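These notes are about the structure you will find just below.
Note that this is a predicted model, so its numbers are computed, not measured.
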Amino acid sequence: MTVESVAAGEASPAAVGAGRLSAVARERLLWLAAFAAVAVWPLFLFAYPPFQDLPNHMARAYILLHPEDPLLARHFAISWSLVPDLAWDAFAVVVGHVLPLNVTLKIFLLLSLALTVTGLFVLNRVLVGQWTWAPLLVAPFLFNTGLTKGFLGFDLSVGMALLACAWWAAVDERHWRRRLAVAVLLSTLLFYAHLVAWACYGLFVLGTKLAELQAPLRQRRLRAALPRWTGRLLRDG
């Protein structure tokens, strides 16, 4: 391209490509926002969504937020312990001191849905190598049985597990120390958020380890690759 063409306002191929990418990104964000709005609008119809376990979770959160209440103190004693289902309790205690409990619940549910969609997009990007429309297929299933049953800790930790899986898949084996350090932190957070999501994350990591055997199997070099593979499996496990 000549200096004259630039001065005349002709865009370079790189600039045109960047413009197209930004336009595609905006379009996908708009579609994502539309799908998400359709999925979450029922949350705003009721002060308390009619989820099965929700009364229990809300009552427990109210007790945790009012330890000084004399009537509650006669019947309940708060005893914190490290159990693998603390996502809602921790969130409610922190945010519930600032906002009303029903608003805290709405934020928690919106965050859970947002993390699920974001986690799917990021994991899909890492595995496929480009941004695609496929994760939008999750929108009709955001209001699933786990949500309507009121499994609040599980709902939030599903999105956390997807992001943790994306991190594991994104970092190259050559940087295993960094990957493992962050993975330990994510694994710990997932374990205390909800046990089932932590187990799903563990199955993903195990699956990536098993996938490493595909090349030696095809090349009939499994016996030579097994010692190194076993060492990595033990290390990451």
Minimum side-chain heavy-atom gap Trp133-Leu136 below 4.5 Å: yes
Nearest heavy atoms of Val94 and Val98, plus distance in Å: O-CG2, 4.1 Å
Residues that, via side-chain heavy atoms closer than 4.5 angstrom, fall in one hydrophobic cluster with Val171: Trp167, Val182, Leu186
Whether Asp69 side chain and Leu72 backbone form a donor-acceptor pair below 3.5 Å: yes
Hydrophobic cluster membership, Leu123 vs Leu206, 4.5 Å side-chain cutoff: no
Shared hydrophobic cluster for Met160 and Leu203 (ILVMFWY, side-chain gaps under 4.5 Å): no
CA sep, side-chain torsions, deciding dist, call: Asp236, Thr208, side chain to side chain contact (heavy atoms under 4.5 Å, CB included): CA-CA 11 Å; Asp236 296 337; Thr208 61; over 6 Å; no
Minimum heavy-atom distance between Ala166 and Val122, given as atom pair plus value: CB-CG1, 3.6 Å
Side-chain (Lys106) to main-chain (Leu43) donor-acceptor, under 3.5 angstrom: yes
Note, Gln130 side chain near Thr132 side chain (heavy atom, < 4.5 Å): yes
Heavy atoms of other groups near Arg174 CZ, more than 12 under 6.0 Å: no
Considering all heavy atoms, the nearest Ala92-Thr104 contact: CA-CG2, 4.1 Å
Within-4.5 Å side-chain heavy-atom neighbours: Leu109 and Leu156: no
Leu210 vs Leu233, side chain to side chain contact (heavy atoms under 4.5 Å, CB included): CA-CA, chis, key distance, verdict: CA-CA 9 Å; Leu210 294 176; Leu233 179 65; over 6 Å; no
N-O pairing of Glu173 and Arg228 below 4.0 Å: no
Note, Leu152 side chain near Ser112 side chain (heavy atom, < 4.5 Å): no
Donor-acceptor contact below 3.5 Å, side chain His57 vs main chain Gly150: yes
Hphob cluster co-occupancy, Phe141 + Phe143, side-chain heavy atoms under 4.5 angstrom: no
Gly153 backbone acceptor or donor facing Asp155 side chain under 3.5 Å: no
Over 12 non-hydrogen atoms of neighbours within 6.0 angstrom of CH2 in Trp41: no
Polar side-chain atom of Trp229 near backbone of Glu212 as donor-acceptor pair, under 3.5 Å: no
Heavy atoms of other groups near Phe154 CZ, more than 12 under 6.0 Å: no
Considering all heavy atoms, the nearest Ile78-Pro67 contact: CD1-CB, 3.8 Å
Under 3.5 Å donor-acceptor, Arg221 side chain and Pro216 backbone: no
Shortest non-hydrogen contact between Leu190 and Ala161, atoms and distance: CD2-N, 3.6 Å
Worked verdict on Arg235 versus Trp176 for side chain to side chain contact (heavy atoms under 4.5 Å, CB included): CA-CA 10 Å; Arg235 176 198 71 197; Trp176 65 268; 3.4 Å; yes
Minimum heavy-atom distance Tyr48-Asn102, with the two atoms named: CE2-CB, 3.6 Å
ILVMFWY network linking Leu226 to Leu234, side-chain heavy atoms under 4.5 angstrom: no
Salt-bridge contact Lys149-Asp53 (side-chain N to carboxylate O under 4.0 Å): no
Leu82-Leu185 co-clustered via ILVMFWY side chain contacts under 4.5 Å: yes
Passing candidate, ring pair (Phe, Tyr, Trp, His ring centres under 6.0 Å) with Trp198, options Phe191, Tyr192, Phe204: Phe191
